[in-house]
Amino acid sequence: MKRSLSLLLVLIMVLGLCPAAFGAAAEPAAPEWMAEEDYIVFPGDPVYEGDNWSRILEQREQAQRGALLPYEGRDWAEGSAGRCYETALIRLRCAENYGEDEFEARAAFLAAGNAFNAAESGWYDLNRGRDEIYYRLSVEKYRAYLVYHPDYVDNWGQAIVPALDALGMTVADFFDAPGMDRVSSETREKVEQSADAYWSFYLPEKSRITVYLDGMLLQMDTDPQVKNERTMVPIRALAEALGADVDWDPESWEVTLTRAGATVAMTPGETTAWVNGQPVEMDVAPYADQNRTYFPIRYAAELFGQQVSWNSAERRVDIAENKGMAEGSNVEQWAKTMAAVLGFLEGGDPTVFGFYPRSPHTVTRRDENGTPQSRALEPAAESRRILAEVWEIPDRETLLTVMAQLQESGSSQEFQQAAQEVKNLSLATIKRRTASMDPVDRYMWPQTKNLWTRWETSGVRAWDLCRISALAQWGYTAGYVTYDEALALIEPAARELAADERINSWIDMEENFLQGYYWCLREDLGETDIWETELARVYQYLRQAPDTRTLFDDSIFGAGVWGFLEENKR
């Protein structure tokens, strides 16, 4: 008993020592060949833990004793940012071990540069931004690349100036480092000249303010300006990207913006804006400059329901839709999948509500021969074109009228009326009665009978409901309805779809959608199965494509619709 107790006490003591002996992270320190003040420590990095750090110390010792760099794996580096950094330091030491073998030494510097690059990328991904560690890694990377070959980088000024500026370094500081004695005076002069030339471009660019809408740079014909510590933008570029119409009165100089039934009027030199006839005071007045009217961007965006954020480090303004009202709702999720096929057919991205990021941009799609074709896209104008040319909807009022008709009855009412004539007839009777009719009726009567047998009172309702979602999203991007209005228009359609007992998956919905589409076209498919049609192939592509397949999650049918409208919220 005493012996067992003694063994137990010893075991407890040993296990108690385990965390200190094996689990704790090491205190990182610079290798012997490097100044401590130049060494970078990555907080919380796993490279400093247990066996990871032991391997680093072992590799350092081997490099210090004269080890050469292995050929295998020298083109890349793997692991955490700290692990890649330590790999780069070891490769730099190995480069020195080649002595007069200049070719192999420079190859080792390239390998070190690649490891620094991997550390830089890993640190950026971890922190989602550029900080002192990022720029220090950037400097080390370009030092290694410069030793490898002076032509490895096309523009040395563009490469190193941002990092030098962020760290308060000069070009002379850049060259004051181990290994830089391998750089010839001619190469050094080339880098200095490149840096001097780039500074003249970099400093004005550094002070430039950029505006991003939905995460995409908003291109404007003149740059934003700063007045009274407020960012001012040429109003037309932002307004038109948001789908607003811009009118200017040359006599009063009043500018009126109209979007989704709301108006904002303001006059240069006056701090009062009029929103739907109600005054709103601004702390800085709009003004005219070089035939452009500049408006405080925060007011311009927020008056149209947008969120505005300012990144002082990058001098960047981000504008995005304010979706606060939709928090806790899954109506947008329903909306995207319901309209996926229709949006994709018109060149849209079904994963984006409204089918496009709203900032004008270039899109690339492959033609029928598989050749990539690029074109400039103005999303608001493109959405208006689609609504007008494809759906004969030229404005907000028509859009709301059409959507009300679709929600009330749509094509399903026409189907129900047609079904009353045939639902109780046999196919043989239908064939006999339609023998003398025109070809369209000879096809449509049995087709209606078949659809009634399959769907009964569901009719071809998915065709209506999916159009509601698509039209609301195009209307949002076009500036005809707000985001909140679009969801309010879609929610009843989503609820009806979720409540249909015959539709329990996206495949069910798509089958009903396809049959409704071809029924309304009066198109005789003959012996062609509905899943072999061109429209079905689009659906099948979206269901399999990596970017869109996650839309088709059938679990949402079990979850139901989490309401956006106040009366339907959980």
Side-chain angles (χ1 to χ4, degrees), residues 329-345 348 350-351 353 403 406-416 418-419 422-423 444 446-473 487 489-523 525 527-545 547-563 568:
S329 169
N330 66 353
V331 174
E332 181 178 310
Q333 184 181 350
W334 279 95
K336 289 178 180 177
T337 314
M338 289 168 67
V341 169
L342 290 174
F344 183 80
L345 286 174
T351 66
F353 186 84
M403 294 190 67
L406 287 174
Q407 184 63 60
E408 182 179 354
S409 57
S411 299
S412 191
Q413 183 180 43
E414 182 185 1
F415 173 82
Q416 296 294 343
V422 301
K423 67 180 183 179
M444 289 299 294
Q447 177 67 0
T448 302
K449 169 66 176 182
N450 290 333
L451 291 186
W452 174 263
T453 302
R454 169 71 175 90
W455 298 105
E456 293 187 353
T457 56
S458 296
V460 292
R461 191 58 172 149
W463 169 235
D464 296 327
L465 303 180
C466 291
R467 281 185 289 170
I468 288 174
S469 179
L471 293 177
Q473 291 187 62
L487 289 191
L489 290 165
I490 294 168
E491 181 173 332
R495 287 190 172 279
E496 184 177 343
L497 181 65
D500 193 319
E501 294 181 355
R502 289 181 174 267
I503 297 179
N504 299 298
S505 68
W506 292 116
I507 291 180
D508 290 344
M509 186 215 74
E510 193 61 27
E511 181 183 354
N512 189 260
F513 168 87
L514 291 168
Q515 290 177 336
Y517 171 81
Y518 286 108
W519 186 88
C520 290
L521 284 182
R522 307 295 196 263
E523 183 172 336
L525 296 178
E527 299 299 319
T528 302
D529 185 88
I530 195 71
W531 292 108
E532 295 176 356
T533 60
E534 181 178 353
L535 207 59
R537 285 194 288 272
V538 172
Y539 165 75
Q540 290 161 353
Y541 167 78
L542 295 175
R543 194 174 179 89
Q544 296 171 5
D547 292 343
T548 52
R549 64 189 178 193
T550 55
L551 291 174
F552 301 92
D553 181 0
D554 288 336
S555 66
I556 198 171
F557 284 89
V561 178
W562 304 338
N568 293 327

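What's counted below: heavy atoms across the whole structure, side chains too, no hydrogens, waters or symmetry copies.
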Please answer whether the main-chain N or O of Trp562 pairs with a side-chain N or O of Asn330 as donor and acceptor at a distance below 3.5 Å. yes
I'd like to know whether the aromatic ring centres of Trp506 and Trp334 sit less than 6.0 Å apart in this structure. yes
Sorted by chain and residue number, the side-chain contact (heavy atoms from CB on, under 4.5 Å) partners of Gln413 (sequence neighbours excluded) come out as Ser409, Gln417
Go through the steps to decide whether Arg537 and Glu532 satisfy the test salt bridge (Lys or Arg N to Asp or Glu O under 4.0 Å), and finish with yes or no. CA-CA 7 Å; Arg537 285 194 288 272; Glu532 295 176 356; over 6 Å; no
Roughly how far apart are Ile556 CD1 and Thr337 OG1, rounded to 0.5 Å? 6.5 Å
Which atom names give the shortest non-hydrogen contact between Ala498 and Val561, and what distance separates them? CB-CG2, 4.0 Å
With a 6.0 Å cut-off on the ring centroids, do Phe552 and Tyr539 count as close? yes
In terms of heavy-atom contacts, Pro350 and Ala340 come closest through CG-O, 3.6 Å
Electrostatic pair Arg543-Glu510, nearest N-O below 4.0 angstrom: no
If you round to the nearest 0.5 Å, how far is CD1 of Ile530 from CD of Gln515? 5.5 Å
Whether Lys336 side chain and Thr351 backbone form a donor-acceptor pair below 3.5 Å: yes
Roughly how far, to the nearest 0.5 Å, is CD1 of Ile490 from CD1 of Ile468? 9.0 Å
Is any side-chain heavy atom of Leu514 closer than 4.5 Å to a side-chain heavy atom of Trp463? no
To the nearest 0.5 Å, what is the distance between CG (Asp508) and CZ (Arg502)? 10.5 Å
Validation row: Phe513, Asp464 side chains within 4.5 angstrom (heavy atoms): no
Approximate separation, where rounding is to 0.5 Å, of Leu551 CG and Leu542 CG: 8.0 Å
Which heavy-atom pair separates Lys449 from Val422 by the least distance, and what is that distance? CD-O, 3.5 Å
Partners meeting ring-ring contact (aromatic ring centres under 6.0 Å, His included) with Phe415 (sequence neighbours left out): Trp519
Tell me whether Arg467 contacts the main-chain N or O of Ala462 through its side chain, where contact means a donor paired with an acceptor under 3.5 Å. no
Report the C-alpha separation of Phe353 and Leu487 in whole Å, then their side-chain angles, then the decisive distance to 0.1 Å, and conclude whether the side-chain contact (heavy atoms from CB on, under 4.5 Å) test is met. CA-CA 10 Å; Phe353 186 84; Leu487 289 191; 3.9 Å; yes
Result for side chain to side chain contact (heavy atoms under 4.5 Å, CB included) between Tyr517 and one of Leu535, Asn512, Leu342 points to Leu535
Is the backbone of Arg461 close enough, under 3.5 Å, to the side chain of Asp500 for a donor and an acceptor to pair up by distance? no
Could you tell me whether the side chains of Ser469 and Gln473 share a donor-acceptor contact shorter than 3.5 Å? yes
To the nearest 0.5 Å, atom CE of Met509 lies from atom CG of Asn504 at 13.0 Å
Between Ser505 (side chain) and Asp554 (backbone), is there a donor-acceptor pair under 3.5 Å? no
Which heavy atom in Gln416 sits nearest to a heavy atom in Thr457, and how many Å separate them? NE2-O, 3.0 Å
